[in-house]
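For reference, the structure discussed in these notes is given below.
Residue indices begin at 1 and follow the sequence shown.
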Amino acid sequence: MIAPASASVAAHAINRLTSATPLARERLARFAGKTAVFRVGPLPVALVVQTTGEVLPAPEGAAADLEVRISPFLLPRLAAHDEGAYRDVETTGDVEFAGEVAFLAKHLKWDVEEDLSRVVGDAAANRMVSAARGAAAWGRDASGRLAAGAAEYWTEEEPLVASRVKVESFVAGVTELRDAVERLGKRIERLDKAS
């Protein structure tokens with residue numbers, strides 16, 4: 001049931017992240033012996049906290065003190081540290097343990113450039129990370145421009161969506177028409193009484 005290879009990879013990644021932040025390991029060590037099961041879609045990964053603050057794959061059949069369910073669609077948002085994504089993660093079990101896991105997930109940062117520099121050297125790692133950041137910024141800018149262009153097209157060129165100004169003008173016209181109908185109704189009443 002628990003994919004041992006996935007648990008080993010996850011444990012290695014978490015231990016690598018926490019090794020650069022001794023405080024993270026101290027915080028986790030308070031939960032030594034506790035088991036957390038992370039379910040990303042159908043894939044369960046069970047990890048147990050050690051007295052050193054490191055994590056290891058949990059033994060087969062270990063009872064979960066905490067279960068964390070994450071939709072695969074949330075992963076990109078979680079990787080980008082989108083605060084709204086953290087609210088969509090479902091947890092059951094030990095509340096204090098869940099709070100600590102959430103805190104660490106929000107605050108631990110992977111220094112990609114540092115790890116990459118060990119493989120390809122400092123200069124190449126710096127260029128690669130800078131290029132990746134530039135590509136991500138370009139993607140955000142392009143998607144923002146595309147959305148603005150689509151909004152302008154749909155409100156001005158092919159009015160599929162009404163602009164705020166047109167909606168306000170329509171509401172003002174309806175209010176003016178309602179007032180005119182009320183005035184006309186009162187005039188008709190007065191004419192009826194007069195005749």
Side-chain angles (χ1 to χ4, degrees), residues 1-120 124-126 128-140 142-144 147:
M1 178 181 129
I2 307 298
S6 299
S8 294
V9 170
H12 179 72
I14 291 168
N15 290 334
R16 180 90 174 101
L17 268 175
T18 59
S19 70
T21 314
L23 183 59
R25 287 220 174 145
E26 286 177 33
R27 293 179 71 125
L28 269 178
R30 294 183 308 144
F31 299 96
K34 299 249 181 186
T35 299
V37 176
F38 298 88
R39 294 186 186 278
V40 181
L43 178 69
V45 174
L47 302 171
V48 63
V49 179
Q50 304 301 298
T51 56
T52 60
E54 293 177 298
V55 295
L56 292 176
E60 185 70 34
D65 297 293
L66 172 65
E67 187 170 330
V68 181
R69 291 184 180 275
I70 304 168
S71 164
F73 301 110
L74 278 180
L75 292 178
R77 291 176 55 207
L78 290 170
H81 294 284
D82 175 0
E83 284 297 317
Y86 291 105
R87 287 189 293 272
D88 293 335
V89 173
E90 299 173 27
T91 60
T92 55
D94 187 324
V95 177
E96 189 178 352
F97 190 22
E100 192 62 42
V101 168
F103 177 84
L104 291 173
K106 289 178 186 178
H107 294 93
L108 281 178
K109 303 282 191 255
W110 179 28
D111 189 353
V112 178
E113 189 172 342
E114 176 67 27
D115 284 348
L116 199 54
S117 72
R118 292 182 186 139
V119 177
V120 297
N126 182 273
M128 292 169 82
V129 169
S130 293
R133 285 185 184 130
W138 177 85
R140 284 189 301 273
S143 64

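Residue pairs meeting the ring pair (Phe, Tyr, Trp, His ring centres under 6.0 Å) criterion with at least one partner in residues 45-77, sequence neighbours excluded, do not occur; the list is empty.
Here the shortest heavy-atom pairing between A58 and T35 reads CB-CG2, 3.8 Å. When every heavy atom of G33 is checked against every heavy atom of D65, the shortest pair comes out as O-OD2, 4.1 Å.
By the side-chain hydrogen bond (donor to acceptor under 3.5 Å, both in side chains) test, T18 is found to be paired with R25, residues two or more places apart in sequence or in another chain being considered. Remark: F103 pairs with H107 by the ring pair (Phe, Tyr, Trp, His ring centres under 6.0 Å) rule, at least two apart or across chains. In terms of the side chain to side chain contact (heavy atoms under 4.5 Å, CB included) criterion, A102 has no residue partners (sequence neighbours excluded).
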With a cut-off of 3.5 Å and sequence neighbours excluded, list every side-chain donor-acceptor pair involving residues 88-99.
from, atom 1, to, atom 2, distance (Å)
D94, OD1, E96, N, 3.0
D94, OD1, F97, N, 3.0
D94, OD2, K34, NZ, 2.6

Counting only pairs under 3.5 Å, give me each side-chain donor-acceptor contact of residues 45-53, with atom names and distances, residues two or more places apart or in other chains.
from, atom 1, to, atom 2, distance (Å)
Q50, NE2, V48, O, 3.4
T52, OG1, E54, N, 3.3
T52, OG1, E54, OE1, 3.1

Could you walk me through whether F38 and V101 pass the side-chain contact (heavy atoms from CB on, under 4.5 Å) test, one step at a time?
CA-CA 11 Å; F38 298 88; V101 168; 4.0 Å; yes
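Side-chain contact between L23 and E26 is present, with heavy atoms from C-beta onward closer than 4.5 Å.
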